[in-house]
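Shown next, in structure tokens, is the structure this report addresses.
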Amino acid sequence: MRIDLEKLQEFENTIDTIQPERGKVPIKILGYGEISLVFELANDDQPIAYKRLPIFDSETQVNRHILAYDIYHQILQRLHLIVPAHDAIWVQSQKGNIVLYCAQEKIPVETVGHKILHHSISKKEIHTLILLIMREMHKIWAFSHRSKTLKVGLDGQISNWAVIGYNPQNPHISEDDQLIYLDTSTPMFRKQGIEAMEPILFLKSAPFFLRWLLKALFLKEVVDRYYDWRLVTIDLVANFFKEQRPELIPGVLKVINDFFSEEAVEFDIIPLTYEEVKKYYDEDKQIWVIFQNTRHLDRYIQTKLLRKQYDFYLPGMIQR
Ligand SMILES: Nc1ncnc2c1ncn2[C@@H]1O[C@H](COP(=O)(O)OP(=O)(O)O)[C@@H](O)[C@H]1O
Ligand SMILES: [Mg+2]
């Protein structure tokens, strides 16, 4: 993968974190998750998706993260998941902060799961997409179930999966289709109980005055849930609320509960209910709304009152 280091450094030097598409180096935003920005450099000859992570305090910390990122890819591939070609590189900002750029081969945006939900595609094919996601996750949890020393986790959200070869002009999904897993920059595995990624990094983009509070209240719970297949699946189903397609949930739950009782019966997973997904979603939404509001307040304090640069890009309020 050919990363244009010079251009990235220039991008970092001249970044406009409030309106990143208006900075000196032109970029195009490909998507954003809850805390990150994914973009491509305009006019890149080989399109690469970059994720900017300005959360590291030291070289040791960023190097540990890059190592975990590499190993996580190896683990996923060994478990027969498909992941994009990847690379990672860090630069120093002009303030001296370490900023990591995770690079991936760019995947056509319209082939990512949350986009597919809005295409004119049949209910049955959406069920097939969910079944394919469950089968990918089965590989992970079957392994973790067996292994005494290595536990692997994953973020199963619909926006983390793309359908290879999917054509939005003629949208179809069959059981023979293959998925690619995108969200590899949060390496989730534990060796002998030790988390590969420094858990505090999950919170690094939280405002400073919230960090200690979140750490005390949620951190263990937040990280743990990515290792629990049932909870990861509830999170996946809750995405249908976020994507404004709640009418699909009963059918999706049937697919998932049938899958658990047939293809993954050895896990003894208690069937998921609509009510618990709704409750989870409402609680999750509250936490994120508080989190996002506080970050906007934090940015105001940092930039307007303290006249500092704010290191993060904040997406506009995500509609839920
Ligand atoms: N390699 C890629 N090619 C194209 N789009 C991507 C790629 N990786 C991520 N994206 C887009 O950015 C969004 C967020 O990326 P993701 O890795 O899931 O980050 P997060 O950890 O913030 O959820 C994805 O849902 C997708 O729409
Ligand atoms: Mg994601």
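Keep in mind the model is a prediction, meaning the values are calculated, not measured. Ligands are counted one by one from 1 in listed order, and the atoms in each one are counted from 1 as well.
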Please work out whether any backbone atom (N, CA, C, O) or any side-chain heavy atom from C-beta onward of [X] is under 4.0 Å from ligand 1, and answer side chain, backbone, both or neither.
X: Asn160; value: side chain
X: Ile107; value: both
X: Gln157; value: neither

For atom 24 (C) of ligand 1, the option (of Pro108, Gly113, Ala103, Ser159) bearing the nearest heavy atom: Ser159
Heavy-atom donor-acceptor pair, [X] side chain to [Y] backbone, under 3.5 Å:
X: Gln9; Y: Gln92; answer: yes
X: Thr111; Y: Ile107; answer: no
X: Asp16; Y: Gln19; answer: yes
X: Glu243; Y: Asn239; answer: no

Among the N, O or S atoms of Asp183, the one nearest the Mg ion (ligand 2): OD2
Non-hydrogen atom of His114 closer than 4.0 Å to ligand 1: yes
Salt-bridge present (Lys28, Asp44; N to O < 4.0 Å): no
Cationic N near anionic O, under 4.0 Å, Arg245 to Glu247: yes
Charged tip of Arg52 within 45° of Phe39 ring normal and under 6.0 Å: no
Charged tip of Lys278 within 45° of Phe241 ring normal and under 6.0 Å: yes
2.8 Å cut-off met by an N, O or S atom of Asn160 to the Mg ion (ligand 2): yes
Contact flag Asp155/the Mg ion (ligand 2), N/O/S atoms, threshold under 2.8 Å: no
Under 3.5 Å: N/O of [X] near N/O of ligand 1:
X: Ser185; answer: no
X: Glu105; answer: yes
X: Ala49; answer: no

Ligand-side contact atoms (ligand 1) for residue partner Lys51, heavy atom cut-off under 4.0 Å: 16 (P), 17 (O), 19 (O), 20 (P), 21 (O)
For Gln104, the ligand 1 atoms whose distance to one of its heavy atoms is below 4.0 Å: 1 (N), 2 (C), 7 (C), 8 (N)
